[in-house]
Amino acid sequence: MESAAIKNEKKAHKQENMKKVTGSEAVLLSLIEEGVEVMFGYPGGNIMPIYDALYDYQQKIKHILTRHEQGAAHAAQGYARTTGKVGVCMATSGPGATNLITGIADAMLDSTPMVCITGQVGSPLLGTDAFQETDVIGITMPVTKWNYQVTKAADIPGAIAKAFYIASTGRPGPVLIDITKDAQFAELEFKYKKCDGIRSYIPVPRPVNEKIEEAANLINKAERPLALIGQGVILGGAEKEVVAFLEKAGIPFAWTLLGLSAIPTDHPLNVGMLGMHGNYGPNKLTNECDVLIGIGMRFDDRVTGDVKRYAKQAKVIHMEIDPAEINKNVKSSVAILGDVKETLPMLTEKVKANLHHDWVQEFKKCAATEYEKVISKDLHPEKPGLSMGEVIRRINENAKGEAILVTDVGQHQMVAARYTKFNNTRSVVTSGGLGTMGFGLPAAIGAKLGCPDKQVVAIIGDGGFQMTIQELGTIFQTGAAVKIVILNNDFLGMVRQWQQLFFDKRYSSTELINPDFLTIAKGYCIDGQRVSKRDDLDEAVKKMLDHNGPYLLEVKVEKEGNVFPMVPAGCSVAEVRLE
């Protein structure tokens, strides 16, 4: 029997857990119950009650005031991607909520767990076109994993618990909770219970043993197998499991843009990056392999090129957590549904130890060709102008594979992805599916706040930098020691490259007249330096990485440099160009 003291203690705990609070306070108490330590946002009229309640919880939740709601969403993404936790952002109704949409859509395509909380006009005003009212539920429905509008304070704890469960389980993604202003003011008896299941929602499909057997048989008979490593390996925490599988079966692997860093760059079975600007070997030889194993990736069009001519000779094994991705783009011979952390060991147990020496040599031959025609010129150029590749080489030499790479979108993104070296997982934060210019700077802030002991280097183009340049103010206010590298070619470089190659060099609206970035950074008390000569580059990179605090390094690179290899749009991956 329980003692009276224990009963009284339980009763006191129950009463404490049932205290009467406002809906606004319930939001914050719910976030605390979910372990939220950092959130990003921007206040406004219809979320002001929550911000007022936040005043009393500043010791428990660190709120980062960004300079734009889009910055809050991207910062939450950066935080989530580097920590593995759910990112949280908050905005008011109307324009505040709509400014989150780009970040939400980006998180949806890149499977980033995020909970977005928006304020809304009072429930009596819903549907009246009241000041700063928008149908944020309708707008975000296509770009969220789940969304919900709260009109009663009593529903807040349950909605938030459900939001965190949905955002973080199965294939992760963004969710949105829209809370009316009257619900924020009203009172409720607060009791929080974490969600551990929802009827009809099955986040992780159960593996089928027969499919594991079928896949193992294909792999054991294969002479030219190739594995494609996607972000699902990182999201599932299956890095060790995938290495064990690859090494036992002796299978060369390539990674997608979002799969970068799942395995250290220098692994002997690593044959490079897939995609439109990926490495020559994995693109070309995809159409020569006999078994293609997609692990935690979705066969995006940037990976497949012309899907009608993609790996038609191969048996395709697709290991995926989301049933909707099976046969969506590429028809699989064997589909293994489930969390790869669970299914990979099951498959590893059944595959035979093997080496595919001659097949691996084919990738090495392709790598040698690519080095001669592309890489040597990128990393060790003989022309006067600085190349983007040699900037990344200098950063590699000084960071030694330990930095977290954050990129914006464009040529610099592809160069950084191709040439940066990684020792640790969760070392890459970039916008993959949506390709969002302006992503890099705020995402780097989130990454640094999530991993304060890590060096965070943001590689950004001069175009994308100016899309969210105001987030320098967030760096100034927080002191986040982000190292910003602007690769400045005075162009919207990727668009210009396409104009050069496919539009007869008709450079329409792609040349930029840029401001003095160092002067702007100085206005935010951020130190920096500009480099345009090769002899100054190494010392400038060292100075940036050694600097105690945020730093901006602007590197003037060649104006019309191109990124190769390249699979032109509509072409087969086998038609990858080296020049």
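All values reported here derive from a predicted model rather than from experimental measurement. Heads up: numbering here begins at 1 and tracks the sequence.
- If you check the side chains of N99 and Q70, you find no donor sitting under 3.5 Å from an acceptor.
- No side-chain donor-acceptor contact under 3.5 Å links N46 and Q132.
- With sequence neighbours excluded, the residues satisfying ring pair (Phe, Tyr, Trp, His ring centres under 6.0 Å) with H318 are F299.
- Side chains of D182 and T180: a donor on one and an acceptor on the other come within 3.5 Å.
- For E471 and T474, the side-chain atoms include at least one donor-acceptor pair closer than 3.5 Å.
- Here the side chain of K194 pairs no donor or acceptor atom with the backbone of E34 at under 3.5 angstrom.
- Side-chain atoms of R67 do not come within 3.5 Å of backbone N or O of Q470 as any donor-acceptor pair.
- Environment of OH in Y42: sparse, with no more than 12 heavy atoms of neighbouring residues, nucleotides or ligands closer than 6.0 Å.
- With T430 contributing its side chain and G432 its backbone, the two residues share no donor-acceptor pair below 3.5 Å.
- Side-chain N/O atoms of S332 and N327 include a donor and acceptor closer than 3.5 Å.
- P264 is linked by a side chain to side chain contact (heavy atoms under 4.5 Å, CB included) to D266, counting only residues two or more places apart in sequence or in another chain.
- With 3.5 Å as the limit, one finds a donor-acceptor pair spanning the side chains of T425 and E239.
- For K193, the side chain to side chain contact (heavy atoms under 4.5 Å, CB included) test picks out no residue, with sequence neighbours left out.
- Partners of H63 under the ring pair (Phe, Tyr, Trp, His ring centres under 6.0 Å) rule, at least two apart in sequence or in another chain, are Y51.
- Remark: M297 CE to I229 CD1 distance equals 9.5 Å, nearest 0.5 Å.
- Between the CD1 atom in I486 and the CD1 atom in I484 there is a gap of 7.0 Å [rounded to 0.5 Å].
- A donor-acceptor contact shorter than 3.5 Å links the side chain of S24 to the backbone of Q184.
- With no hydrogens or angles considered, a side-chain donor-acceptor pair links D106 and Q77 at under 3.5 Å.
- Counting only distance, with no hydrogens or angles, the side chain of Q466 and the backbone of D462 share a donor-acceptor pair below 3.5 Å.
- For the residue pair S123/T151, the side-chain donor-acceptor check at 3.5 Å is not satisfied.
- The neighbour count for E187 CD, taken as heavy atoms of other residues, nucleotides or ligands under 6.0 Å away, is above 12.
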Identify all side-chain donor-acceptor contacts of residues 440-461 below 3.5 Å with residues at least two apart in sequence or on another chain.
{"from": "K448", "atom 1": "NZ", "to": "P452", "atom 2": "O", "distance (Å)": "3.1"}
{"from": "K448", "atom 1": "NZ", "to": "K454", "atom 2": "O", "distance (Å)": "2.6"}
{"from": "Q455", "atom 1": "NE2", "to": "L545", "atom 2": "O", "distance (Å)": "3.1"}

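- A salt bridge does not link R302 to D300: none of the charged side-chain nitrogens sits closer than 4.0 Å to a carboxylate oxygen.
- With sequence neighbours excluded, the residues forming a salt bridge (Lys or Arg N to Asp or Glu O under 4.0 Å) with K85 are E37, listed by chain and number.
- More than 12 heavy-atom neighbours from other residues, nucleotides or ligands sit within 6.0 angstrom of CD1 on I32.
- Identified under the ring pair (Phe, Tyr, Trp, His ring centres under 6.0 Å) test for residues 137-184, with sequence neighbours left out: W146-Y148, Y165-Y201.
- A heavy-atom distance below 4.5 Å is found between the side chains of M39 and L31.
- Residue pairs meeting the ring pair (Phe, Tyr, Trp, His ring centres under 6.0 Å) criterion with at least one partner in residues 74-126, sequence neighbours excluded, are H74-F439.
- When atom types are taken as modelled, the side chain of N147 and the backbone of V175 share no donor-acceptor pair closer than 3.5 angstrom.
- Within the structure, salt bridge (Lys or Arg N to Asp or Glu O under 4.0 Å) contacts touching residues 112-135 (residues at least two apart or in different chains) do not occur.
- Side-chain contact check for V409 versus L434: every heavy-atom pair is 4.5 Å or farther apart.
- Applying the ring pair (Phe, Tyr, Trp, His ring centres under 6.0 Å) test to residues at least two apart or on different chains, none of the pairs has a partner in residues 120-145.
- Of the possible donor and acceptor atoms, one in the side chain of T468 sits under 3.5 Å from a partner among the backbone N and O of G438.
- The salt bridge (Lys or Arg N to Asp or Glu O under 4.0 Å) contacts involving residues 320-343 comprise R171-D322, R171-E325, E241-K341, E325-K328, where partners must be two or more places apart or lie in separate chains.
- Put simply, CG on L228 and CG on L292 are 4.5 Å apart, with the number rounded to the nearest 0.5 Å.
- Within the structure, every pair that satisfies the ring pair (Phe, Tyr, Trp, His ring centres under 6.0 Å) test and touches residues 443-468, not counting sequence neighbours, is listed here: F465-F517.
- To the nearest 0.5 Å, atoms CD (E210) and CD1 (I336) are separated by 11.5 Å.
- The backbone N or O of N424 sits less than 3.5 Å from a side-chain atom of S427, completing a donor-acceptor pair.
- Rounding to the nearest 0.5 angstrom, the gap separating the CE atom in M141 from the CD1 atom in I139 is 11.0 Å.
- A distance-only check finds no donor-acceptor pair linking the side chain of R426 to the backbone of T83 [under 3.5 Å].
- Residue N548 qualifies as open at atom CG: its count of foreign heavy atoms under 6.0 Å is 12 or below.
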